[in-house]
There are 2 protein chains.
Amino acid sequence: MTNIRKVAELAGVSVATVSRTLKTPDIVSPGTRDRVLAAVEQAGYRPNLMAVQFRSQRTRNLVVLVPTIANTFFARVIGGIQEMAQRRGYGILLCNTLGDERAERAYAGMVSTRQADGLIQLRAYDPFTASNGKTRPPMVNACEVLDEAPCPTVKLDNRAAARAVTEHLLALGHRRIGMIKGPRNSPLTRDRLLGFQDALAAAGLTPDESLWCPGDFTPPSGHRAAGDLLSRADPPTAIFCENDEMAMGAMRRIREAGLRVPEDISVAGFDDIAFASFCDPSLTTIAQPAEEFGREAVSLLLDIIDDRDDAADQHRIMPFELVVRESTGPAS
Amino acid sequence: MTNIRKVAELAGVSVATVSRTLKTPDIVSPGTRDRVLAAVEQAGYRPNLMAVQFRSQRTRNLVVLVPTIANTFFARVIGGIQEMAQRRGYGILLCNTLGDERAERAYAGMVSTRQADGLIQLRAYDPFTASNGKTRPPMVNACEVLDEAPCPTVKLDNRAAARAVTEHLLALGHRRIGMIKGPRNSPLTRDRLLGFQDALAAAGLTPDESLWCPGDFTPPSGHRAAGDLLSRADPPTAIFCENDEMAMGAMRRIREAGLRVPEDISVAGFDDIAFASFCDPSLTTIAQPAEEFGREAVSLLLDIIDDRDDAADQHRIMPFELVVRESTGPAS
DNA sequence: TGCATGAATGTAACCGGTTACATTTTGCTG
DNA sequence: CAGCAAAATGTAACCGGTTACATTCATGCA
């Protein structure tokens, strides 16, 4: 392996001069500089970044904990994370946790053990809970956010967005509205449910909890839940799904039952994934700036790492937009 | 920072004993072992992995170059990579390259500079081409594979798979079959096109190149290309899309034209992404073991890294399966 | 010419583990 | 109890950069 000593020897200078030529060329005399650069070229020298990182105690890597990379929305968020990280000179270590807290704590250890400089968590769980009293490693919580997050957060006003969807359905004359929820115990699911109830309450309706079905954000779970709703004696005229993937599954199930969307049943989703505008019928949903979530999370995290004073307590609320497409129509 | 010397002091032993207690506990006497472990506990000691990696010249990280993480198929492949890497004790550094060769070469540098131990490339490009005569860093090329890959590869027999799809369409009586291609210059696109031609030739048909439209594997490009095909004087009765995302876009466009799938036009895709079975109509496609691509790639890469002798020249062909669903039917 | 000053360069400690080799301790046998 | 092998532990070099501090050298001025 060609190291800095070999280059120094080749150029007839000391290792310090080689290091300086590469890091602060202006304090090296032009003659020496050229000689060193020629030697670098000749030896095909690339600095061993492990040594650099070790010396500087900075890896310039960030750990990202993703519940499921298979989820199209998260894929977009990761795209944004990746883009901003690259721009700022950081790499990302992707960890697909499948929501397993033990795995998340293990991955979070990569920050404690200096494999990475910070962590972005896309789920509502603090993997550093158990870390005993020590200073918290740099972390940002985005997308699905803890209520009392001990770190900066980036999230949507899920309650307001869910309310907007529900109000849209109410305005179309729907009164019995089914709900396909996300995983239990999630603040995100809870907030979307609250927004849903807010809208019903504002319209003077009492919510019917028998129309709330559990799901897990995958198309099959939406399919199953919709089947459940359709089998009721008095099925809903509209279904609000907490994400688009479940909405796609639900629409499929409705058609399998011989019913049409939106003529017989309206369906709304959440996230505005790429397929939302290409499926049939195209999906009414809430558009979120997914990539922007990622970019913002990286930005906040690097603020902590470079310890900007005001960085620790930043909480960003990202904008949403109700996108009305073909899957919702007047109540029959 | 608590380091190994602090722990050694606390336990009243040498740093070597601490190191041995953690790495090879069996060669340390039980009494000392307990004392050291207690000190580790008390000090809250976590080994600095940067130091470990630096010393051992192994990062236990792998770089993954992915053309677009937004593509559902790649998301599954990455899932498989991540799973196998984790199982073998490696982390993955994800790089979303968007097909930019300059970026790919830059990321590949992470291996040359020891930020990672190896690289998985999911696109047909060798980011180490320019590296002058040196020994090639460990690399595996998967999914979209170079013809004369200088490393192990994992791929599908794209030609045979495309032929299978086309034969299915021919069997349904289709004679004018449109083709929506992937990006030019891609061996993958070329092979799928060859398989398509193989089937036509075997059926005694002469291919009509005017029915081949360019696309880029995204839904909008499929949408556009389908519009193009429909505007022909004599549009095709079936369209074979080189991936599912374009097929979704194409189906959308067909319905916008007031035509039905498959009654008026059949559509077939490639990849069998999650939505293929949930869209309307569900999509006839080629199922690929996406996660298995990822797992296999990691496996081969680690074989090279641990230099198993026979590792360098392995080429895996993964199985495919034609999945016939609702989007293809008899020619009208 | 002698000396001060600053620029250029060299020397070596350092980061925190690992491990070859040296040294000490333990346990066993005759 | 001597003597030896094996087990346990300690010492210090090492990985490859960075950088504080030391040293050398050139320049300008009195």
message = Rounded to whole Å, please give me the gap between NZ in B:K6 and C1' in C:dG16.
response = 11 Å
message = How close do B:L93 and B:A116 get, counting heavy atoms only, and between which atoms?
response = CD1-CB, 4.2 Å
message = With a cut-off of less than 4.0 Å, is there a side-chain N or O of B:S19 near OP1 or OP2 of C:dT18?
response = yes
note = Minimal heavy-atom distance between B:R35 and B:G12, with the atoms involved, is NH1-O, 4.3 Å
ask   = Between the base of D:dG17 and the side chain of A:R5, is there a donor-acceptor distance below 3.5 Å?
value = yes
task = Verify, without hydrogens or angle tests, whether B:R123 (side chain) and B:P67 (backbone) share a donor-acceptor contact under 3.5 angstrom.
result = no
task = Not counting sequence neighbours, list each pair that qualifies as a salt bridge (Lys or Arg N to Asp or Glu O under 4.0 Å) and has a residue in residues 7-20 of chain B.
result = none
Angle by which the axis turns from one end of the helix from C:dT1-D:dA30 to C:dG30-D:dC1 to the other, five pairs per end, to 10 degrees = 60°
Listed pairs, N/O of protein and of nucleotides 24-26 of chain C, under 3.5 Å:
none

ask   = Rounded to the Å, how far apart are A:M50 CE and D:dC14 C1'?
value = 14 Å
key: Length of the line joining A:E9:CD and D:dG16:P, which is rounded to integer Å   = 14 Å
task = Scan residues 109-117 of chain A against DNA chain C and write down, sorted by residue number, each residue with any heavy atom closer than 4.0 Å; if none is found, say none.
result = none
query = Starting at CZ of B:F54 and ending at P of C:dG17, how long is that distance when rounded to a whole Å?
reply = 13 Å
task = Write down the distance between CD (B:Q53) and P (C:dG17), rounded to a whole number of angstrom.
result = 12 Å
task = Figure out the CG/P separation between B:N3 and C:dT18, and round it to whole Å.
result = 12 Å
query = Which atoms form the tightest heavy-atom contact between A:T68 and A:N96, and what is the distance?
reply = CA-OD1, 3.4 Å
Listed pairs under 3.5 Å, donor-acceptor, residues 83-92 of chain B side chains, sequence neighbours left out:
from, atom 1, to, atom 2, distance (Å)
B:E83, OE1, B:R295, NH1, 2.9
B:E83, OE2, B:R87, NH2, 2.8
B:Q86, OE1, A:Y107, OH, 2.9
B:Y90, OH, B:R58, NH1, 3.4

inquiry  = Within the structure provided, determine whether B:V111 and B:Q115 are in side-chain contact (heavy-atom separation under 4.5 Å).
reply    = no
task = Return the value, rounded to whole Å, for the distance between atom CZ of A:R46 and atom C1' of D:dG17.
result = 15 Å
key: B:S29: side-chain hydrogen bond (donor to acceptor under 3.5 Å, both in side chains) partners, not counting sequence neighbours   = B:T32
query = Got a sec, which residues hit side chain to side chain contact (heavy atoms under 4.5 Å, CB included) with B:L146, two or more places apart in sequence or on another chain?
reply = B:A124, B:D126, B:N141, B:A149, B:P150
task = With sequence neighbours excluded, give me every salt bridge (Lys or Arg N to Asp or Glu O under 4.0 Å) pair touching residues 60-69 of chain A.
result = none
task = Sequence neighbours left out, what passes side chain to side chain contact (heavy atoms under 4.5 Å, CB included) with B:P319? Give chain and number order.
result = B:P289
note = Sorted by chain and residue number, the side-chain hydrogen bond (donor to acceptor under 3.5 Å, both in side chains) partners of A:S19 (sequence neighbours excluded) come out as none
remark   = Rounded to whole Å, the CD1-P distance (B:I4 to C:dC14) equals 18 Å
task = Can you check each nucleotide of nucleotides 5-10 of chain D against protein heavy atoms at under 4.0 Å and return B for base, S for sugar-phosphate only, - for none, in 5' to 3' order?
result = ---SBB
ask   = Does a donor on one side chain sit under 3.5 Å from an acceptor on the other, for A:E104 and A:T97?
value = yes
Side chain to side chain contact (heavy atoms under 4.5 Å, CB included) partners for B:V15, two or more places apart = B:I4, B:R5, B:A8
